[in-house]
Amino acid sequence: MVGRIGRGVGTERRSVGVHDAELGAAVDRAQQGDDEGFAIAYRLVQPGLIGYVRGLVGDDAEDVASEAWLEIARDLGRFRGDGAGFRGWTATIARHRALDHLRRQKRRPRTTLLEQDMLELPGGHDTAAAALEKLSTEQALELIGSLPRDQAEAVLLRVVVGLDGPASARVLGKRPGAVRTAAYRGLKRLAGQLTRAGARGATSGAQRMLKDGT
C-alpha cells in the first residue's frame with residue numbers, strides 16, 4: 001500500500017532536481033532486474049506522484065497510485081530516458097489510472113471543468129509557487145483543488161511533481177504554450193486567494209505567510 005504524504009510541497013519540489021541523476025541511475029539498475037534500484041526509484045518519485053494523484057481523486061489517491069505502480073513495474077523495460085523523463089512517464093501513467101478510476105465511479109476530477117478560453121500568455125511569476133512551498137502538502141492541495149481543472153493539473157505537475165513546461169505538456173497531451181498558460185493563470189489565481197486568506201482566516205499557513213510579508 002502506498003504511504004501517506006508526510007512532507008510539505010516545498011520539500012518535495014526542492015529535492016526533485018537534486019535527485020534526478022540518482023533517479024536515472026536507479027531506473028537503469030531496476031531495468032536490469034535490481035530490486036534495490038526499483039526501491040530507490042520508488043522512494044524518489046512517490047511523494048510527488050501521490051500528491052499529484054491526490055489532487056485528482058482525493059482520498060482514493062493511495063489505491064490509484066498503487067495501480068499506477070503496478071503498471072510502472074510491468075512496463076519498466078519499455079521506458080527510455082533519464083531521471084526527469086522517468087518522472088514524466090510515471091506521472092502520465094498515474095494520470096491515466098486516475099481518470100480511469102473517476103470514469104468507473106462516474107465522477108469528475110476534484111478540480112472543476114476545463115476553461116474554454118486558452119490565451120497564449122508569457123510565463124508567469126513564481127510568487128504563488130513559492131508561497132505554496134511554505135504550506136503543508138494538504139493545505140497546498142486544498143488551495144490547488146479550488147482551481148479550474150486545467151489550471152490545477154498544470155500547477156500540480158509543476159509544483160508537486162516538479163516537471164517543467166514541455167514535460168507537463170506531454171503528460172497532459174497538450175501544447176506547451178497552453179500548459180504554460182494554465183499554470184500562469186492558476187498561480188495568478190492562487191496568489192489572489194492567498195492574499196485574501198489573511199482576511200478570511202482560511203488557513204493558518206496562509207496567514208503566517210501574509211504576516212511575514214511573503
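Keep in mind that what you see is a predicted model, and the values were worked out from it rather than measured.
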- Say you draw a straight line from OG1 of Thr181 to CG of Asp150; how long is it, rounded to the nearest 0.5 Å? 9.5 Å
- Message: Distance check, rounded to the nearest 0.5 Å: Gln46 atom CD versus Thr90 atom OG1?
- Response: 9.5 Å
- Just say parallel, tilted or perpendicular for the rings of Phe86 and Trp69, cut-offs at 30° and 60°. tilted
- Message: Under the rule for salt bridge (Lys or Arg N to Asp or Glu O under 4.0 Å), what residues qualify as partners of Arg29, not counting sequence neighbours?
- Response: Asp34
- Item | Pairwise distance CG(Leu102) to CG(Leu56) - rounded to 0.5 angstrom | 7.0 Å
- Query: Salt-bridged, Arg87 to Asp20, with N to O below 4.0 Å?
  - Reply: yes
- Residue pairs involving residues 90-101 (criterion salt bridge (Lys or Arg N to Asp or Glu O under 4.0 Å); sequence neighbours excluded): Glu71-Arg97, Arg95-Glu153, Arg97-Asp100, Asp100-Arg103
- Task: Kindly determine whether Glu36 and Arg43 satisfy salt bridge (charged side-chain N to carboxylate O under 4.0 Å, His left out), including the steps that lead there.
- Result: CA-CA 11 Å; Glu36 179 63 21; Arg43 174 173 57 82; over 6 Å; no
- Item | Short N-O contact, Glu142 and Arg54, less than 4.0 angstrom | no
Contacts table for residues 74-85: side-chain donor-acceptor under 3.5 angstrom, sequence neighbours left out:
from  : atom 1 : to    : atom 2 : distance (Å)
Arg80 : NH1    : Gly77 : O      : 2.7
Asp82 : OD1    : Ala84 : N      : 3.4
Asp82 : OD1    : Gly85 : N      : 2.8

- Message: When you compare the side chain of Thr92 with that of Arg170, does any pair of heavy atoms fall below 4.5 Å?
- Response: no
- Query: How close do Ala182 and Ala154 get, heavy atom to heavy atom, and via which atoms?
  - Reply: CB-CB, 3.9 Å
- Output all residues satisfying salt bridge (Lys or Arg N to Asp or Glu O under 4.0 Å) with Asp164, sequence neighbours left out; order by chain, then residue number. none
- If you measure from NE2 on His101 to CG on Asp60, what distance do you get to the nearest 0.5 Å? 3.5 Å
- Item | Close side-chain approach of Ile72 and Trp89, heavy atoms under 4.5 Å | yes
- Heavy-atom closest pair (Ala68 atom, Ala94 atom, distance to 0.1 Å) is CB-CA, 3.8 Å
- Close side-chain approach of Val161 and Leu156, heavy atoms under 4.5 Å: no
- Under the ring-ring contact (aromatic ring centres under 6.0 Å, His included) test, which residues partner Tyr52, sequence neighbours left out? none
- Task: For residues Leu147 and Leu190, determine if any side-chain heavy atom of one lies less than 4.5 Å from a side-chain heavy atom of the other.
- Result: yes
- Item | Residues which pass side-chain contact (heavy atoms from CB on, under 4.5 Å) with Ser168, listed by chain and number, not counting sequence neighbours | Leu157, Leu163, Val179
- Where Val27 and Ala41 come nearest, the two heavy atoms and their spacing: CG2-CB, 4.2 Å
- Note on the structure: Smallest heavy-atom separation, Pro47 atom then Ile50 atom, equals O-CG2, 3.5 Å
- Query: Got a second to check how far Leu187's CG is from Ile144's CD1, nearest 0.5 Å?
  - Reply: 8.5 Å
